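Below: the structure, in structure tokens.
We name chains A, B, ... by the order of the sequence lines, and we start the count at 1 in each one. Model, not experiment: these values are computed from the prediction.
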Amino acid sequence: MANETNQFQAIISHCKEYGFIFPSSEIYDGLQAVYDYGQMGSELKKNIKDYWWKSMTQLQDNIVGIDAAIFMHPTTWKASGHVDNFNDPMIDNKDSKKRYRVDHLIEAYSDELRVASHENKADEIIADMEQLLAKDDFTGLKKLIEDNKISCAISGTCNWTDIRQFNLMFSTEFGSTVSSEDADNKVYLRPETAQGIFVNFLNVQKTGRMKIPFGIAQIGKAFRNEIVARQFIFRMREFEQMEMQFFIRPGTQKEWYEKWKETRLNWHKSLGIPAEKYRFHDHVKLAHYADAACDIEFEFPMGFKELEGIHSRTDFDLKQHQEYSKKKQQYFDNDLDPATGKPYGNYIPYVIETSIGLDRMFLAVISHAYEEQDLSTPEKPDSRVVLHLPTKLAPIKMAVLPLNKKDGLPEIAGQIINECRGDFRCFYEEKDSIGRRYRRMDALGTPFCVTVDYQTKDDNTVTIRHRDSMLQERVAISELKRIVLESIG
RNA sequence: GCGGAAGUAGCUCACCUGGUAGAGCGACAGCUUCCCAAGCUGUAGGUAGCCGGUUCGAGUCCGGUCUUCCGCUCCA
């Protein structure tokens with residue numbers, strides 16, 4: 001554990017030191033669980049995004065992308081269940097420091113009463129609780145707990161804090177003249193991007209003439225007012241999701257669920273990260289909208305944690321929106337049902353969702369890439385920090401380094417950069433010894449270092465040095481672009 | 001939100017029992033060398049997270065606050 005913690009700390013420091021990630025508004029002491037991506041981090045993040053976007057849209061026959069607004073009509077969140085299901089009042093036991101959902105605590109007590117054959121009393125308490133919950137009467141709820149001497153299972157005491165509401169959605173007022181008391185004008189910052197896809201389901205389906213099965217992909221920010229947000233960029237209050245909702249014919253959800261599990265895992269493996277770093281974790285307790293769900297977990301420095309979720313959401317979301325909006329959310333399927341020989345007809349599609357946290361993916365990529373290498377020889381101690389980033393994700397693809405900063409070498413280097421910068425990001429550096437420049441590039445994850453030397457002036461060849469192997473080969477300048485582009489894939 | 005630990009230069013840290021801050025690495029400028037870091041010269045950079053208290057005097061003691069990591073909890 002100590003090692004894992006040190007490794008995690010080292011990665012956090014490295015991210016700061018080399019311009020990948022900074023605490024938000026750091027000069028004002030930062031803002032809890034909010035981070036900024038720096039000059040290197042923003043490139044890496046963008047490359048992850050682009051790679052996901054391309055593989056989920058361009059390379060698919062039947063998936064298109066959208067970019068929905070962060071603000072959505074407030075009713076969206078009533079329909080989705082976020083308003084009702086995620087405003088749970090909580091209470092803490094001061095002795096055991098345990099926190100409970102108030103309804104869970106009271107229900108557990110009523111279960112005990114039932115076991116002891118006090119059925120009537122149990123029913124009565126539940127009825128009281130539901131009334132109080134409906135009124136958001138926290139004082140009354142606390143009184144209910146105290147009157148019944150409901151105690152903490154750990155400490156056995158009734159030493160409770162006041163009941164508090166934890167609303168996981170950020171809200172703000174819409175329009176410049178409304179008062180904050182006016183609940184009708186309260187809008188939320190979306191806590192997930194999925195609803196932006198669901199409310200646009202028919203727009204996309206009709207205007208894009210999409211036929212089921214088809215998908216809608218989206219990358220965007222979401223916001224959750226987490227009770228505890230920690231572990232660097234793993235759990236942030238403002239984060240970015242990359243997700244795809246795949247609309248299918250009801251009854252086919254099992255096969256599509258399995259297919260997307262496999263497809264998504266293959267996507268991860270295609271980045272060269274070994275399969276052992278990943279595992280599936282099936283949800284036992286399903287969310288209100290799902291009939292099957294699993295996570296793809298990644299072995300982060302702090303252990304296996306959720307990276308991506310794959311959920312079979314049934315027709316829950318579209319059905320809810322149909323009910324709340326009073327607009328039919330159905331699709332007419334002209335394909336023939338072999339059982340009847342007739343078209344499948346109208347139905348509300350089922351949905352398989354794949355949803356990955358972009359920031360978590362960033363953390364997965366960088367923590368797997370990070371290595372402190374011992375390069376010592378008997379003669380001399382030596383070490384380097386290297387980021388083994390896949391070329392397609394590396395912020396800088398190629399550094400061009402003149403061996404010397406005179407004799408026309410920098411000019412040749414400049415020409416090479418001008419030839420390549422239109423195709424991929426290059427970096428020029430003439431300061432310090434060549435070895436030191438290589439090591440600096442290693443720390444940024446730059447896969448190729450091209451060195452212009454005196455031989456270059458004679459035959460237009462340069463050396464290209466590979467980050468991971470540290471080996472060099474001599475190639476013609478005219479070959480450079482092809483080599484790098486091939487590696488980007 | 002509770003508990004634990006911690007916040008001193010970009011990074012890692014030192015300053016032991018209070019007397020107005022140092023090192024290594026890094027950065028920058030120049031020189032030298034030149035295909036794998038730590039050569040030479042010079043320079044910059046910190047009102048010790050912030051606020052308050054005790055004290056003649058606080059980075060050092062006390063309180064508060066912010067931030068980070070760890071445990072519990074939470075995680076649609």
Side-chain angles (χ1 to χ4, degrees), chain A residues 1-2 4-6 8-10 12-19 22-35 77 80-88 90-101 154 161-162 164 166 168-169 191-192 194-195 222 224-232 234-235 283 285-290 293 295 301-302 305-306 309 311 313 316-317 353 355 357 373 375-376 380-385 401-405 409 431-443 449-455 462-465 467 470-472 474:
Chain A
M1 193 63 210
E4 287 168 8
T5 303
N6 291 346
F8 194 29
Q9 296 293 357
I12 294 170
S13 296
H14 192 83
C15 283
K16 167 84 190 295
E17 189 166 6
Y18 288 90
F22 309 122
S24 161
S25 24
E26 195 185 6
I27 61 169
Y28 295 108
D29 273 342
L31 188 62
Q32 197 179 72
V34 186
Y35 289 90
W77 307 113
S80 70
H82 285 80
V83 171
D84 291 335
N85 292 0
F86 304 104
N87 280 326
D88 307 315
M90 310 285 278
I91 190 165
D92 291 5
N93 184 273
K94 289 178 185 170
D95 298 312
S96 65
K97 313 299 182 193
K98 275 277 184 187
R99 171 172 298 159
Y100 297 88
R101 267 176 64 170
I154 310 276
T161 62
D162 284 340
R164 283 160 301 182
F166 292 85
L168 267 57
M169 285 195 289
E192 64 173 25
Q195 301 306 326
R224 292 180 195 176
N225 206 354
E226 301 281 357
I227 297 167
V228 176
R230 256 196 314 233
Q231 292 173 313
F232 196 40
F234 184 80
R235 177 164 290 116
H283 289 199
K285 207 175 71 184
L286 294 171
H288 60 280
Y289 56 71
D295 297 335
M302 62 283 190
K305 300 266 186 185
E306 179 186 354
H311 297 175
R313 294 183 79 125
F316 177 85
D317 300 276
E353 167 189 81
S355 175
Q373 269 181 346
L375 302 170
S376 297
K380 176 177 163 227
D382 191 8
S383 67
R384 69 166 179 164
V385 172
L401 319 168
L403 194 59
N404 219 316
K405 58 183 122 178
L409 269 37
K431 190 180 158 47
D432 292 321
S433 75
I434 191 70
R436 185 194 283 276
R437 280 180 274 169
Y438 287 155
R439 300 300 175 85
R440 261 202 291 260
M441 285 300 108
D442 290 340
C449 286
V450 167
T451 303
V452 177
D453 57 18
Y454 288 97
Q455 191 184 329
V462 290
T463 60
I464 184 162
R465 179 257 194 194
R467 176 196 63 206
M470 299 173 74
L471 296 176
Q472 292 174 268
R474 186 136 209 121

For [N], the Watson-Crick or wobble counterpart (both distances under 3.5 Å):
N: B:rC74; value: none
N: B:rA23; value: B:rU12
N: B:rC69; value: B:rG4
N: B:rA44; value: none
N: B:rA58; value: none
N: B:rG63; value: B:rC51
N: B:rC31; value: B:rG39
N: B:rU17; value: none

Residue pair A:Cys15, A:Tyr35: steps toward the side chain to side chain contact (heavy atoms under 4.5 Å, CB included) verdict: CA-CA 11 Å; A:Cys15 283; A:Tyr35 289 90; over 6 Å; no
Side-chain heavy-atom pair A:Gln472, A:Tyr438 within 4.5 angstrom cut-off: yes
How would you label the contact of [X] with the nucleic acid (heavy atoms, under 4.0 Å): base, sugar-phosphate, or nothing?
X: A:Glu17; value: base
X: A:Ala222; value: nothing
X: A:Tyr28; value: nothing
X: A:Tyr35; value: sugar-phosphate
X: A:Asp442; value: nothing
X: A:Pro381; value: base
X: A:Ser13; value: sugar-phosphate
X: A:Arg440; value: sugar-phosphate
X: A:Glu26; value: nothing
X: A:Asp432; value: nothing
X: A:Arg436; value: sugar-phosphate

5' precedence on RNA chain B between A:Glu353 and A:Val34 (nearest-nucleotide basis): A:Val34
Earlier contact from the 5' end, RNA chain B, for A:Lys380 and A:Leu403: A:Leu403
Please answer whether the main-chain N or O of [Y] pairs with a side-chain N or O of [X] as donor and acceptor at a distance below 3.5 Å.
X: A:Arg230; Y: A:Ala33; value: no
X: A:Ser376; Y: A:Asp382; value: yes
X: A:Arg384; Y: A:Gln373; value: no
X: A:His14; Y: A:Ala443; value: yes

Please report the distance, rounded to the nearest Å, between [atom1] in [X] and [atom2] in [N].
X: A:Tyr18; N: B:rC25; atom1: OH; atom2: P; answer: 14 Å
X: A:His14; N: B:rG26; atom1: NE2; atom2: P; answer: 15 Å
X: A:Phe234; N: B:rU68; atom1: CZ; atom2: P; answer: 16 Å
X: A:Lys431; N: B:rA27; atom1: NZ; atom2: C1'; answer: 9 Å
X: A:Leu31; N: B:rC66; atom1: CG; atom2: P; answer: 12 Å
X: A:Lys305; N: B:rG71; atom1: NZ; atom2: P; answer: 7 Å
X: A:Leu409; N: B:rC34; atom1: CG; atom2: P; answer: 13 Å
X: A:His311; N: B:rA76; atom1: NE2; atom2: P; answer: 8 Å

With no angle test and no hydrogens, is the base of [N] tied to the side chain of [X] by a donor-acceptor pair under 3.5 Å?
X: A:Asp29; N: B:rC50; answer: no
X: A:Arg384; N: B:rC36; answer: no
X: A:Ser433; N: B:rC34; answer: no

Options B:rA37, B:rC34, B:rG1, nucleotide nearest the side-chain atoms of A:Ile434: B:rC34
Selection from B:rC35, B:rC36, B:rG71 that lies nearest to any side-chain heavy atom of A:Arg230: B:rG71
side-chain N/O A:Gln32 vs B:rU68 OP1/OP2, d < 4.0 Å: yes
Phosphate OP1/OP2 of B:rC11 contacted by A:Lys16 side-chain N/O (<4.0 Å): yes
Give me the distance, rounded to whole Å, that separates [N] from [M] when you measure between the [atom1] atoms they each carry.
N: B:rU67; M: B:rA27; atom1: P; value: 32 Å
N: B:rG22; M: B:rG1; atom1: P; value: 40 Å
N: B:rG39; M: B:rG45; atom1: C1'; value: 24 Å
N: B:rU54; M: B:rG63; atom1: P; value: 15 Å
N: B:rA21; M: B:rC13; atom1: C1'; value: 14 Å
N: B:rC31; M: B:rC36; atom1: P; value: 23 Å
N: B:rA14; M: B:rA6; atom1: C1'; value: 16 Å
N: B:rA44; M: B:rU32; atom1: C1'; value: 23 Å

Minimum heavy-atom distance between A:Leu409 and A:Asp453, given as atom pair plus value: CD1-O, 4.0 Å
Where A:Arg437 and A:Leu403 come nearest, the two heavy atoms and their spacing: NH2-O, 3.6 Å
Ion pair check, A:Arg439 and A:Asp432, cut-off under 4.0 Å: no
